[in-house]
Amino acid sequence: MTGPLISAEELAGLLGEVTLLDVRYEMGAQGGPPRHADFVAGHLPGARYVDLDADLAAPPGEEGRHPLPEPDDFQAAMRRLGVTGSRPVVVYDDWQGRAAARAWWLLRYHGHADVRVLDGGLTAWREAGGELERGLPARVDVPEADSDPDAFVVDLSSQHLPVVWAQDVASVRVLVDARAAARYRGEVEPVDPVAGHIPGAVNLPTERNLDDSGRFRTPEELARVYAGVGAVPGVSVAAYCGSGVTATHDVLAMELAGIRAALFPGGWSGWITDPARPVE
């Protein structure tokens, strides 16, 4: 497979040939309740449920509410979910890709070469006439050793997708804040203890990545949207949000537009853990 997206129609022809991960999630003051009950009630055939807080993040701390998981922990979680090194992976949610993009980004960052987000998520699958499966999936045989040819092995030897950390943010030419405009402006802050944004950041909320159907805009449209805030190919660009989840949606959108953007994983929640850092 090529590209970071897959349509429901294309996926329908690949069931059984890809590893499907269901990343349904609800953002809230405590990180959002698990959506496992919704998964059991109905999911794409063969999919496995991913708990974003447990499988795609380390415990909250100085790096924010959703720090990057330790590589060994992420590798173990992905193996438990049936991810292998050679089999393509498709991730989906019912949040227009905002949570699924986190799984896409982490898998790519940790070296998996073949990962795509279901464009339009669960809604698109249903609209295309896709059936849902109920109940719990069968147990996965987890490879016991890295030498197993089916094992997913984390590879951080190459920078598959770039990151920036708090000390490097100031060197980024265009820093994109993916949160809602009111949070960016500091008018409201429903999650974190401090309102505002990182000085110099520009705001491009995730909904601007989508068309009226909840699917990603075309690469040409996205290129125009991001050019409007100065994010163009060849310029140093990074994205952040509250805790490194929805910012991956902007990173994915820029990937579609031909812009290689870094992720600031700590996001606003990590930035404000040091009171010496400036706030705008």
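Everything numeric in this text was worked out from a predicted model, so none of it was measured.
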Query raised in the report: Can you check whether Gln75 reaches Val153 side chain to side chain, under 4.5 Å on heavy atoms?
Result: yes
Query raised in the report: Does Glu221 come within less than 4.0 Å of Arg208, counting only side-chain N to carboxylate O?
Result: no
Query raised in the report: Asp141: what forms a salt bridge (Lys or Arg N to Asp or Glu O under 4.0 Å) with it, not counting sequence neighbours?
Result: Arg139
Query raised in the report: What residues form a side-chain contact (heavy atoms from CB on, under 4.5 Å) with Asp73, not counting sequence neighbours?
Result: Glu70
Query raised in the report: Any side-chain heavy atom of Val89 within less than 4.5 Å of one from Arg108?
Result: no
Query raised in the report: Any cation-pi pair here, Arg179 with Trp268, using under 6.0 Å and within 45°?
Result: yes
Query raised in the report: To the nearest 0.5 Å, what is the distance between CG (Leu222) and CG (Leu210)?
Result: 8.5 Å
Query raised in the report: Please walk me through it: do Asp155 and His160 pass side-chain contact (heavy atoms from CB on, under 4.5 Å)?
Result: CA-CA 9 Å; Asp155 175 16; His160 304 283; 3.7 Å; yes
Report summary line: Residues passing the side-chain contact (heavy atoms from CB on, under 4.5 Å) test with Ala182, sequence neighbours excluded, are Arg185, Glu187, Val188
Query raised in the report: Are Leu252 and Tyr240 co-members of a hydrophobic cluster defined by side-chain heavy atoms under 4.5 Å apart?
Result: no
Query - Any donor-acceptor N/O pair, Glu9 side chain to Leu11 backbone, under 3.5 Å - result: no
Identify every side-chain donor-acceptor pair in residues 118-131 under 3.5 Å, counting partners at least two apart or on other chains, and give the distances.
unit_1	atom_1	unit_2	atom_2	d
Asp119	OD1	Phe216	N	3.0
Trp125	NE1	Glu131	O	2.8
Glu127	OE1	Arg215	NH2	3.0

Requested in this report: Treating Ile, Leu, Val, Met, Phe, Trp and Tyr as nodes and any side-chain heavy-atom pair under 4.5 angstrom as an edge, say whether Ile259 and Leu263 lie in one connected cluster.
Outcome: yes
Requested in this report: Drop me the distance from Leu56's CG to Leu106's CG, to the nearest 0.5 angstrom.
Outcome: 5.5 Å
Report summary line: dist Arg183:CZ -> Cys241:SG (nearest 0.5 Å) comes out at 8.0 Å
Contacts table for residues 12-21: side-chain donor-acceptor under 3.5 angstrom, sequence neighbours left out:
unit_1	atom_1	unit_2	atom_2	d
Thr19	OG1	Arg87	NE	3.3

Query raised in the report: Does any pair with a residue in residues 269-280 pass side chain to side chain donor-acceptor pair (under 3.5 Å), and if so which ones, sequence neighbours excluded?
Result: His197-Glu280
Query - Check: Pro4 and Leu256 side chains under 4.5 Å, non-hydrogen atoms - result: yes
Requested in this report: Apply salt bridge (Lys or Arg N to Asp or Glu O under 4.0 Å) to Asp93 and list each qualifying residue two or more places apart in sequence or on a separate chain.
Outcome: none
Query raised in the report: Given side chains that start at C-beta, do those of Leu107 and Val83 come closer than 4.5 Å, heavy atoms only?
Result: yes
Report summary line: Residues passing the ring-ring contact (aromatic ring centres under 6.0 Å, His included) test with Phe152, sequence neighbours excluded, are His112
Query raised in the report: Could you give the distance from OG1 (Thr246) to OH (Tyr25), rounded to the nearest 0.5 Å?
Result: 10.0 Å
For a quick test of your reading: what N or O donor-acceptor pairs under 3.5 Å do the side chains of residues 163-171 make, sequence neighbours left out?
unit_1	atom_1	unit_2	atom_2	d
Ser171	OG	Asp168	O	2.6

Report task. Measure the shortest side-chain to side-chain distance between Asn209 and Tyr226 over non-hydrogen atoms and say whether it is less than 4.5 angstrom. Result -> yes
Query raised in the report: ring-ring contact (aromatic ring centres under 6.0 Å, His included): which pairs involve residues 67-94, sequence neighbours left out?
Result: Phe74-His110
**Report entry** Partners passing salt bridge (Lys or Arg N to Asp or Glu O under 4.0 Å) against Asp55 (at least two apart in sequence or in another chain)
**Finding:** Arg80
Query raised in the report: Considering only heavy atoms from C-beta outward, does the side chain of Glu255 approach that of Asp250 to under 4.5 Å?
Result: no
Query - Nearest-0.5 Å distance that lies between atom CG in Leu136 and atom CZ in Arg48 - result: 10.0 Å
**Report entry** Leu175 and Ile198: CA distance, side-chain angles, deciding distance, side-chain contact (heavy atoms from CB on, under 4.5 Å) verdict
**Finding:** CA-CA 9 Å; Leu175 181 63; Ile198 298 174; 3.8 Å; yes
Query raised in the report: Would Asp53 and His66 satisfy side chain to side chain donor-acceptor pair (under 3.5 Å), going step by step from the backbone distance to the final call?
Result: CA-CA 7 Å; Asp53 292 322; His66 289 109; 2.7 Å; yes
Requested in this report: Decide side chain to side chain donor-acceptor pair (under 3.5 Å) for Thr206 and Arg98; before the verdict, give the C-alpha distance in whole Å, the side-chain angles of both, and the deciding distance to 0.1 Å.
Outcome: CA-CA 8 Å; Thr206 53; Arg98 292 173 177 87; 2.8 Å; yes
Query raised in the report: Trp104 versus Arg116: any side-chain heavy-atom pair under 4.5 Å?
Result: no
Query - Trp105-Phe264 co-clustered via ILVMFWY side chain contacts under 4.5 Å - result: no
Report task. Check salt bridge (Lys or Arg N to Asp or Glu O under 4.0 Å) between Asp38 and all other residues, then give those that pass, not counting sequence neighbours. Result -> Arg35
Query raised in the report: Are Leu81 and Val50 close enough that some pair of their side-chain heavy atoms sits under 4.5 Å apart?
Result: yes
Requested in this report: Give a yes or no answer on whether the side chain of Arg173 reaches the backbone of Ser236 with a donor-acceptor pair at less than 3.5 Å.
Outcome: no
